Every structure is written in structure tokens, then in C-alpha cells.
Participant: 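Please find one structure pasted underneath; my questions will follow.
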Amino acid sequence: MTVKRILIVDDEKTILNVLKEGFKKYEDLFKTDTASTAEDAIELIKKNKYSLVISDIRLPGKSGIDVLIELRKNQPDAGFIAMTAFSNPEVEEKVKNFGALKYIEKPFSLATLRKIVLNFLNEEETGVRGIVESINVTSILQLMNMEKKTCVLWIELDGKRGYIAFEEGEIVDAKFGSLKGLDAAKFIIKRNEGEIRIDTKRRAKKRTIDQSFMNILLDSMKEKDENSKNGKDFDSLNNSENENRQPEILHKEIDLKSYKKVFFDEFNFLSDVHGFINAGIFDFDSKVLVEYFSDEDKSFNKIAPLISQLFLKSSEAINKIGFGLLNFVSINSDKGILFVSDINFGFSKGLLFLLISEKGNVGLAKNNLVIAKGKIEEFFLGLTN
Amino acid sequence: MAIKDKLAMFEDVKGYIGSGVFSPEGEMIEGTTEISGIQQEILGSLLNDVLLAAREMTEKGGFGKADFVQINSDMGLLLAKCVNTGDKHYHVTLFLKPDGNVAMAKMKLKSVSEALLEEF
């Protein structure tokens, strides 16, 4: 086994000394370099070849993100582990197979770090490591989110240029080639490669994306996973652009309004709930696609944007406090109870709502809503596959 | 009985994880902050947004004033109630595991929220 080299970056010199001392007995396996600033770390990365770089993200001057970008530029095969005070094990678990950022939560023990380093180097030696620890665009985006950065991240890929704009760690705008907004952000995440440059002096001119970073990330990962299961890949830009154009084409081919019978079968099922007032579906642009009762006094047309907003805010709230992913929301007023759930048609998404009176059967309403949602999704997924 | 003692009444509910009381400005007045993995201290301001959005939506939709929101996630349920009598205004939250007793939780949330009135 050849002697590897690792680099540890932290502005607390005491920690660096402890780690360096603690790793001395492994000198026959790996050598440990240390740096207390990002600038020093970047100099070392330019001079030496590293198997692994472990860096604090908050550093004086340049940050750990700059270290990561420099490492990516110079040594794309090297591993990178971020030391951070913010962790989200649930999200890490969900995205770990997609080359997402590896991080270690501070404070940690020498024994924990030693185990991570030895496992990493052993996997690298045996060729097991693969993509999991490689440095990629997703890792950098995750760091932007964790560190609540406001900046513009420029990406060049296949001769095209694009950007993702962050405000306080949330994606607010994106563009890539002909794609704009959420489609562009998801495309960049799914491709997960390209030349990156961070511009901290620029900010988004407008907000085109309202979803939380975690939602965008997890949705993109899910779509990528589904695409690979269906044999669709994102290896070339043309394929990817076609992939992203596909929903528009499908949207023209599958006019949701022409499937009223499918919806009405399920709305009839929902109307069995005691206290039923109305049910319907609208898209994320807040256009009502279909309603059981569409007469003016019962229609949700005028409040669809407010329901979308409420759903997004609820999703954001539970994401930010680390309470998982949103399934559905219910709102009680003195006149009724409204249930709202997202619904996936395969080629687009929307919101399914059910309104019952305040004395209605809440348990049955929730149960039937889940069943109706499942049946509608199953129908449309079958249609698009 | 102090606010803390009144929140302790939630502990009997099956699936109880934690609870809190927030000012309408989003600051936590009392609550269980040591809930594993849940950052309840930042919940207040986010919750304000959700409750305000819910109220605006129900008022404009013509079905009354929303004072209660239930958010179901894959990790459990978050129940949030707004109490606003004009001179007294606060928000009460309750976290439950996915298999928690929601019906009992709602009843307790109503009674505890009312009992908290005398503390403000």
C-alpha cells in the first residue's frame, strides 16, 4: 500500500495539533498536512496530491467552499469531507448515493475522525469508493445552503453557461441554456458536473424559485433516480435538454382537463365523506385544473394561489426545523376543514384539495384523500411510462 | 400553574415528542427545545407565516377564520393553534410521532391553549 496524503483545514490551531499528533502513528499509511486558512490550504493543494481533504467551512478570509472548488479543479478524484456544525442525517441518507457532500458534525472525537479517514483510504485502495465521495456540483450547492450564502454560482458545461443564484442559502433563480427557473436548477443538480465559479458580489435580479433548497435537491435526486431506472441518462447536454423539454411536449399531449372522468371518479369517492363540500386539483401555477363543484360560491379559483403559498410555507417550515418531508396539510377554520396534498402526474405536479364542513368526518377524509391521490397518480404514471 | 406545567399536560398524549408556546412575533416563550433533530427555536417565525397564510386563505375563501393547522410529514405531525382574543395573542405547537393519537392531541391542544389564557 502506497503512503497517502491527507489535508486537514481548521482555523483552530489546537485542533490541528491534536489531530496531527493523533495521526502520527499512522504515518506508514498516510501523511497528514494541516492548514489554518483556506489560502494556505489552496497553496498546499496546488503543490501536493491528496487522497482526502477534511476542511472546516467557516474560515477567516476565504471559506472551505473555496478549498473545495480549488480541490475540484486541481484534483477531481480527491475526497472531501466538510466539518460543519449543521447536519441533517435524514437528508444525507436520502442523497448519499448521488454523490452528495460528506460531512462530519462538530464537535467530533479523534477516534471518529480516525475511523472516517481509515475507512475512506481503505475504500479508495480497494476501489470500493466510487462516486460517493467524489467532489461534485451538488456538494458545493449543499455547502451554499448550509452556510446560508448569498451569491451567484456560474456553471459552464458542454460549451453552455448557466447560473444558480442563492439568497441566504436558498435557491431563488437559475438559468441554463434555454432552461429557466426551477427546470434550470434541477437540470444543473441532475447533471452534477461542470466548471464552477462563485461570484459573491452578485445577487439575483428577480426571484423565480420558491421551493426550499432541500425540496429541490430531493426532487432532483428522485427524478434522476427514476430516469436511470427507466434507462434515460443525462450524459449529454442534448439528451438532458430533450429530457427537460419532454414535460412540455407531454403536457400538450396529455391535457389534464380531458381526463375529467378519472378525476371525477375519485372526487365521487371523496364526496362519500360526511360533510363533503368540494374537492379539486390545481397546478403549481395556481390554475384550477378540475373541481367537483365549479360554481362561483364553492370554487377555489380565487384562493388557489393562497393555498399553494400555504403549502410551500408549510413545506419550508418543516424542512427548516428538520422534521422530514411534507405529506399533507390540514387547516381548521370555524366553518370547515381543508386538506391539501401534493400530487404527481409523472410529467408535472399539482395540489389536491378536499374541503369538508367543521363537523365532517376528519378520519375518513384523510384516509380517502390518500387513496384518491394514489389512484390518480397511478393512472397518470401508467399513461406517461 | 406555570406555562411549563400546562405544556406538561401534553405528555400523556400517545406519541408525544414536544411542545411550545410562541409569541405572534415568532419568539419562543416556553417549550421543549431538546427534541432530537428538531430545531424548535426557529419554528416561531416560520409558524407565523403558515398561520397567517392559513387565515388569509380561509377568510378570502369565505370559510371562516383558520386558527389551527396540522402538518403531516414522514417524521410525524406538527399541530399548531393560534389563540387570539384581541388583547391576548399566542401560538401553541405540539409535535407527535407518526403513530401518535391525533384525536386526543387535538382535544388537549384546545384545552391547554385555553388554560394558557390566564398566563398572558
Side-chain angles (χ1 to χ4, degrees), chain A residues 86-91 94 105 212 218 277-278 286 296-342 353 355-358 362-363 366 369-370, chain B residues 17-18 20 22 26 28 31 33 35-82 91 93-98 101-103 105-106 109-110:
Chain A
F86 312 101
S87 78
N88 190 333
E90 190 210 355
V91 172
K94 285 186 177 168
E105 193 175 359
S212 73
L218 292 174
I277 297 175
N278 201 3
S286 307
E296 207 174 317
D297 62 325
K298 283 188 176 169
S299 173
F300 273 66
N301 217 1
K302 61 186 175 190
I303 56 162
L306 296 171
I307 297 177
S308 293
Q309 199 183 26
L310 173 70
F311 193 83
L312 291 172
K313 280 179 191 290
S314 303
S315 175
E316 187 189 357
I318 61 158
N319 269 329
K320 283 195 174 166
I321 62 167
F323 199 54
L325 297 171
L326 185 63
N327 289 336
F328 72 86
V329 183
S330 68
I331 303 107
N332 290 45
S333 77
D334 47 356
K335 288 186 185 165
I337 305 162
L338 177 70
F339 301 85
V340 188
S341 166
D342 64 339
F353 69 83
L355 177 65
I356 62 170
S357 69
E358 78 280 13
V362 180
K366 276 194 264 188
L369 187 76
V370 172
Chain B
I17 302 175
F22 296 86
M28 189 159 82
T33 51
I35 307 171
S36 172
I38 300 170
Q39 300 168 27
Q40 201 181 188
E41 63 275 17
I42 62 165
L43 175 64
S45 55
L46 299 166
L47 194 63
N48 257 2
D49 269 6
V50 173
L51 285 165
L52 283 172
R55 176 161 283 217
E56 188 187 359
M57 184 266 296
T58 51
E59 281 180 352
K60 287 197 175 161
F63 51 101
K65 284 184 177 176
D67 64 351
F68 173 79
V69 174
Q70 179 184 325
I71 301 174
N72 287 47
S73 82
D74 52 351
M75 283 174 68
L77 292 92
L78 166 59
L79 311 180
K81 184 165 174 61
C82 169
H91 299 154
T93 61
L94 176 56
F95 287 92
L96 284 187
K97 289 179 189 166
N101 187 338
V102 189
K106 282 183 184 172
L109 189 60
K110 191 169 182 288

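Just so it is clear, the structure is predicted and the values come from calculations on it, not from any experiment. Each chain gets a letter, A, B and so on, in the order the sequences are listed, and its residues count up from 1.
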Participant: Between A:F353 and A:F300, is the gap from one ring center to the other below 6.0 Å?
Facilitator: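 Yes, they do, as the ring centres are separated by less than 6.0 Å.
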
Participant: Where on A:I318 is there a heavy atom nearer than 4.5 Å to chain B: the side chain, the backbone, both, or neither?
Facilitator: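 Interface part for A:I318: side chain.
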
Participant: Quick check on B:L77 against chain A: is it the side chain, the backbone, both or neither that has a heavy atom closer than 4.5 Å?
Facilitator: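 The backbone, not the side chain.
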
Participant: Can you sort out the partners of B:D67 under side chain to side chain donor-acceptor pair (under 3.5 Å), two or more places apart, ordered by chain and number?
Facilitator: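 Here the qualifying residues are B:K81.
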
Participant: Under 4.5 Å from any heavy atom of chain B, what part of A:L338 do you find: side chain, backbone, both or neither?
Facilitator: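 A:L338 touches chain B through side-chain heavy atoms alone.
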
Participant: With a 4.5 Å cut-off on heavy-atom pairs, point out which of B:A66, B:G61, B:A53, B:G62 contacts chain A the most.
Facilitator: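 Looking at each option in turn, the highest pair count goes to B:A66.
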
Participant: What part of A:V362 gets within 4.5 angstrom of chain B, counting heavy atoms only: side chain, backbone, both, or neither?
Facilitator: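 Just the side chain, heavy atoms under 4.5 Å.
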
Participant: Under 4.5 Å heavy-atom distance to chain B, tell me which part of A:I277 shows up: side chain, backbone, both or neither.
Facilitator: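 Answer is neither: A:I277 stays 4.5 Å or more from chain B.
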
Participant: Ignoring hydrogens and angles, tell me if any N or O in the side chain of B:T93 forms a donor-acceptor pair with the backbone of B:G20 under 3.5 Å.
Facilitator: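 At least one qualifying donor-acceptor pair exists.
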
Participant: Return each pair, listed once, that meets side-chain hydrogen bond (donor to acceptor under 3.5 Å, both in side chains) where at least one residue sits in residues 326-339 of chain A; pairs must be two or more places apart or across chains.
Facilitator: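 Listed once each, the pairs would be none.
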
Participant: Are the side chain of A:S315 and the backbone N or O of A:F311 linked by a donor-acceptor pair below 3.5 Å?
Facilitator: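 Answer holds: no.
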
